[in-house]
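What follows is a set of notes on a single structure, which appears directly below.
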Amino acid sequence: MLIAAIIAVCVVLAVLAFFVPRLSRHPERGTQRSLGAGARAGGKAPGFLGKLLSKPFHSSSRAVGRSGSAGRRSRGRMPF
């Protein structure tokens, strides 16, 4: 379920970044901030378990950033 939610957020951010590049930064940063909080909470677990619990949040945050930047980059390449 978490994977489907992250995919949906990435798609929405990519579309938003394509159509409204300046207004897409705030939702992207908010999403990354909430995922960062999850990663910090998961990282407080002891030892290897902390790394294991925080990894999905780190990779999801990276995916959100990449989808937003890809939408803005493709908007910049459009001829109009």
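Here, residue 1 is the first one in the sequence, and each next residue gets the next number.
Contact between Glu28 and Gly65 at its shortest, heavy atoms only, is OE2-CA, 3.5 Å. Of all the heavy atoms in Pro56 and Ser60, the pair that sits closest is O-OG, 2.7 Å. Closest approach of Gly43 and Ser54 over heavy atoms only: N-CB, 3.8 Å. Heavy atoms only, all atoms of each residue included: Gly68 and Ala17 are closest at O-CB, 3.3 Å.
Val15 and Phe18 end up in the same hydrophobic cluster when Ile, Leu, Val, Met, Phe, Trp and Tyr side chains are linked at under 4.5 Å. At a threshold of 4.5 Å between side-chain heavy atoms, the hydrophobic network of Ile, Leu, Val, Met, Phe, Trp and Tyr places Val20 and Met78 in one connected group.
With rounding to the nearest 0.5 angstrom, the NE2 atom of His26 is 11.5 Å from the CG atom of Leu16. Arg22 CZ to Ser24 OG: the interatomic distance, rounded to the nearest 0.5 Å, is 11.0 Å. Put simply, OG on Ser69 and CZ on Arg25 are 9.0 Å apart, with the number rounded to the nearest 0.5 Å. Rounding to the nearest 0.5 Å gives a distance of 6.0 Å between CG of Leu2 and CZ of Phe57. The CZ atom of Arg40 sits 10.5 Å away from atom CG of Leu35, with the distance rounded to the nearest 0.5 Å.
The backbone N or O of His58 sits nowhere less than 3.5 Å from a side-chain atom of Ser61 that would complete a donor-acceptor pair.
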